[in-house]
J.: 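Supplied in C-alpha cells, the structure appears directly below.
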Amino acid sequence: MRVSAALSIAVTLGSTAAQDTILGFNSGASDDKGNAKNQQDFEREFKAAKSLNGAPGEFNTIRLYSNIQWNTPSTPIAAFPAAIATNTSLLLGIWASGTDNIDNELNALTAALDEHGSKLADLVVGISVGSEDLYRVSEPGLRNNAGVGNNADTIVRFIKDAKSRLANTALKDKPFTHVDTWTAWVNGSNKAVIDEIDFLAVNAFPFYESERDNQISNAGSLLNSALTATEGVAGGKDVWITETGWAYTGPAFGAADATVDNAGEYWQEVGCKLFGKRNVFWYTLRDANPDNEVKFAITDNLSTTPRYNLTCPADSEELPTPAPISSNSTTSTGNGTGSSNETNSDSTASGSASGSASPSATGAAQGTGAGSLTSVSMVNSMAMALSVIFALAAWAL
Ligand SMILES: *[C@@H]1O[C@H](CO)[C@@H](O)[C@H](O)[C@H]1NC(C)=O
Ligand SMILES: *[C@@H]1O[C@H](CO)[C@@H](O)[C@H](O)[C@H]1NC(C)=O
Ligand SMILES: *[C@@H]1O[C@H](CO)[C@@H](O)[C@H](O)[C@H]1NC(C)=O
Ligand SMILES: *[C@@H]1O[C@H](CO)[C@@H](O)[C@H](O)[C@H]1NC(C)=O
Ligand SMILES: *[C@@H]1O[C@H](CO)[C@@H](O)[C@H](O)[C@H]1NC(C)=O
Ligand SMILES: *[C@@H]1O[C@H](CO)[C@@H](O)[C@H](O)[C@H]1NC(C)=O
Ligand SMILES: *[C@@H]1O[C@H](CO)[C@@H](O)[C@H](O)[C@H]1NC(C)=O
C-alpha cells in the first residue's frame with residue numbers, strides 16, 4: 001500500500017490519464033477583422049465547434065479571455081447567453097494586464113450572474129485570472145516586445161480579489177487557475193501564483209519554438225517537454241493545456257512551416273494523443289487577431305467541414321519522449337517559449353481589459369533560449385527529487 005501510494009504520486013507527476021476530459025477551443029472577443037462578436041456570432045461558433053465532421057469527440061467547452069464585451073468598459077460578453085443557448089461549457093477568463101485592478105471584469109461577471117444565475121454558473125468549468133501576463137513581463141517577453149503584462153504579486157492579488165468577490169455567488173466552488181507559458185511556470189519567481197491556484201494552465205506552441213529544431217516531426221516531443229517541465233513544478237496539481245495548435249498559413253518560424261498538411265499532422269500526431277487523456281483547448285476554431293499573419297483556424301467561415309482530417313487514428317497512444325536538449329541551443333540567443341505574443345493592440349493601447357485570442361502579431365512569439373532550456377533539465381531532476389520525497393512521505397505514513 002505504501003509502495004502503491006508512492007507510485008501513484010510518481011505517475012501523477014509524469015503524466016495524467018483521466019478519462020472524462022475536456023475537448024475545447026479558445027474564443028477571442030473579436031473576429032479576425034477586429035469586430036466585436038455578438039451573441040449570434042458566438043452561437044454559430046459554439047455550434048460549429050460541436051459539429052465538426054470527423055472530430056474525435058464533442059468540442060463542447062470554450063475558453064474565453066475576458067468577461068467583457070469587446071470595446072465596452074464592463075458590459076458582460078455576449079458569449080454568456082450564447083453558451084446558455086447552446087449548452088456550451090466555459091473556462092472563464094479574466095483579462096489581467098494593462099490594469100491595476102480587475103473590477104470591470106468582476107463587475108461584468110457578477111452582472112451576468114445576476115442575470116443568468118445557475119444557468120450560467122452550471123456551465124463554468126473553471127476561472128482563469130490572467131493569460132500569459134507573467135511571460136510578457138519576463139526577460140524574453142520584454143526583449144520580444146510581447147506587450148503589457150503583470151507580475152506574480154499582482155496576479156496573486158487579482159486571484160484573491162476574484163475569489164473574494166465570487167465567494168458568495170454561484171461560482172464560489174469553481175476551481176481557479178492562471179494561464180501562462182511553460183517558461184513562466186518553471187520560473188521560481190512565479191511560484192506564489194502556483195500556490196494560489198487549483199490547477200495550472202499552459203499555452204504551448206512548438207510552432208513558435210524557433211530556437212529549437214521545431215520542424216513538424218519534432219513537434220510532439222517539444223510539446224511533451226513543455227508539459228513535463230510544467231508538471232515538474234505543479235506540486236501534483238493538474239495541468240490543463242489551454243492553447244496548442246499549428247499554423248496552416250503565414251510565415252515560417254525557425255524550422256516550422258505553416259501549411260495545411262503540417263497543421264493536420266499536428267492534430268493527428270499530437271492532438272490525437274492528448275484528446276481524451278488531458279483537458280485541451282485547441283488553438284483554434286476561428287482566428288481572432290487581424291494583426292497576426294499566422295493563421296490557425298481549422299474551418300473557414302465556421303463551416304463544419306474542417307481544413308484537414310480530424311479523425312484520430314485508432315491507435316493514438318503517448319507523445320514521443322521529451323526533446324533532448326541539443327548542444328547548440330543552450331548557447332543560442334533563443335526564440336521560442338512556445339508563447340504566442342498575445343499582444344492585442346486594442347486592449348493594450350486603451351488599457352481596457354479585453355483579451356483577444358493569441359497568438360497575435362506578425363513578428364510573433366519569441367522566447368527564452370538558454371534559460372528555459374536549462375530549466376527543462378532542472379525541472380526534470382526536480383520532478384524526480386519530488387517523487388522521491390513523496391515516496392518517503394508516503395512511507396512515513
Ligand atoms: C448539456 O451538455 C452536457 C455535457 O456538457 C450534457 O451532459 C447535458 O445533458 C446537456 N444538456 C442538455 C439539456 O442537452
Ligand atoms: C523570471 O521571472 C522574473 C520575474 O518576473 C523575470 O524578471 C525573469 O526575467 C524571468 N526569467 C526568465 C528566464 O524568464
Ligand atoms: C528567431 O525568430 C526569428 C523570426 O522567426 C528568426 O528570424 C530568427 O532566425 C530566430 N532566431 C533564432 C536564433 O532561432
Ligand atoms: C466567408 O463569408 C464571407 C461573408 O459571408 C464571404 O464574403 C466569404 O467569401 C466567405 N469565405 C469562404 C471561404 O467561404
Ligand atoms: C483520416 O485520418 C484517419 C486516422 O489517421 C484515417 O483512418 C482516415 O482514413 C483519414 N481519412 C481520410 C479521408 O483521409
Ligand atoms: C543546431 O545544430 C544543428 C545540427 O548540428 C544545425 O542544423 C542547426 O542549424 C543548429 N541551430 C542553431 C540555431 O545553431
Ligand atoms: C508582439 O506584438 C507586438 C504588437 O503587435 C509587436 O509590436 C511586437 O513586435 C511583437 N513581438 C515580436 C517578438 O514580434
Side-chain angles (χ1 to χ4, degrees), residues 20-25 46-47 49-62 82-91 96-97 118-126 130 132-144 146 148-156 178 180-194 211 226 229-230 233 260-261 263-273 275 279 298 305-317 330 332-339 365-376 378-379:
D20 191 16
T21 57
I22 290 170
L23 293 176
F25 287 110
F46 298 171
K47 283 180 191 159
K50 291 189 201 199
S51 320
L52 293 167
N53 296 330
E58 194 182 59
F59 282 70
N60 62 4
T61 309
I62 294 289
I84 293 166
T86 57
N87 189 27
T88 298
S89 298
L90 296 172
L91 174 57
S97 282
S118 62
K119 279 192 198 149
L120 175 60
D122 289 350
L123 295 172
V124 173
V125 298
E132 297 191 9
D133 314 81
L134 303 172
Y135 163 68
R136 291 192 296 272
V137 297
S138 71
E139 183 276 321
L142 295 171
R143 171 159 43 87
N144 295 318
V148 179
N150 246 329
N151 63 26
D153 287 350
T154 308
I155 297 299
V156 165
H178 164 79
D180 229 301
T181 60
W182 69 270
T183 51
W185 285 126
V186 303
N187 186 334
S189 305
N190 299 327
K191 175 156 188 312
V193 176
I194 297 178
E211 103 284 7
T230 307
V233 296
V260 172
D261 279 356
E265 186 171 336
Y266 192 73
W267 178 280
Q268 294 259 328
E269 296 298 325
V270 180
C272 289
K273 292 169 181 170
F275 303 142
N279 293 331
I298 66 171
T305 304
R307 204 179 296 289
Y308 46 80
N309 182 4
L310 300 185
T311 302
C312 287
D315 59 349
S316 287
E317 285 169 7
T330 49
S332 155
T333 53
N335 266 341
T337 52
S339 159
Q366 308 200 341
T368 61
S372 63
L373 290 160
T374 308
S375 306
V376 178
M378 282 169 51
V379 160

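Atoms within a ligand are numbered from 1 in the order they appear, just like the ligands themselves. Only this structure's heavy atoms are used, side chains among them; waters, hydrogens and symmetry mates stay out.
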J.: Side chain, backbone, both or neither: which applies to A314 and ligand 5 if a contact is any heavy-atom pair less than 4.0 Å apart?
T.: neither

J.: If every non-hydrogen atom of A83 is compared with every non-hydrogen atom of L90, which pair is closest and at what distance?
T.: CB-CD1, 3.8 Å

J.: Which heavy atom in D180 sits nearest to a heavy atom in W185, and how many Å separate them?
T.: O-NE1, 3.5 Å

J.: So which bit of P140 gets within less than 4.0 Å of ligand 2, heavy atoms only: side chain, backbone, both or neither?
T.: side chain

J.: Taking atom NZ as the centre, does K50 end up with more than 12 heavy-atom neighbours from other residues, nucleotides or ligands that are less than 6.0 angstrom away?
T.: yes

J.: Ring centroids only, cut at 6.0 angstrom: are F59 and F275 within range, meaning strictly under it?
T.: yes

J.: Could you tell me which atoms of ligand 5, counted from 1 in the order shown, lie closer than 4.0 angstrom to a heavy atom of C312?
T.: 4 (C)

J.: Check for a donor-acceptor pair, side chain of N190 on one end and backbone N or O of A152 on the other, with a separation under 3.5 Å.
T.: no

J.: With the side chain counted from C-beta on, respond yes when L123 and N87 share a heavy-atom pair under 4.5 Å apart, and no when they do not.
T.: yes

J.: With heavy-atom distances below 4.0 Å as the criterion, list the atoms of ligand 2 near N187.
T.: 1 (C), 2 (O), 3 (C), 8 (C), 10 (C), 11 (N), 12 (C), 14 (O)

J.: Report the part of S138 (side chain from C-beta onward, or backbone N, CA, C, O) that has a heavy atom under 4.0 Å from ligand 2; answer both or neither where that applies.
T.: both

J.: For ligand 2, is there an N or O atom under 3.5 Å from any N or O atom of N190?
T.: no

J.: Quick check: do T88 and N60 have side-chain heavy atoms less than 4.5 Å from each other?
T.: no

J.: Enumerate the pairs of nitrogen or oxygen atoms, one from ligand 1 and one from the protein, separated by less than 3.5 angstrom; state names and distance to 0.1 Å.
T.:
| from | atom 1 | to | atom 2 | distance (Å) |
| --- | --- | --- | --- | --- |
| ligand 1 | 2 (O) | N87 | OD1 | 3.4 |
| ligand 1 | 2 (O) | N87 | ND2 | 2.3 |
| ligand 1 | 5 (O) | N60 | ND2 | 3.4 |
| ligand 1 | 11 (N) | N87 | ND2 | 2.9 |
| ligand 1 | 14 (O) | N87 | ND2 | 3.3 |

J.: Measure across N309 and T311 and return the closest heavy-atom pair with its distance rounded to 0.1 Å.
T.: OD1-N, 3.0 Å

J.: Given side chains that start at C-beta, do those of N279 and T61 come closer than 4.5 Å, heavy atoms only?
T.: no

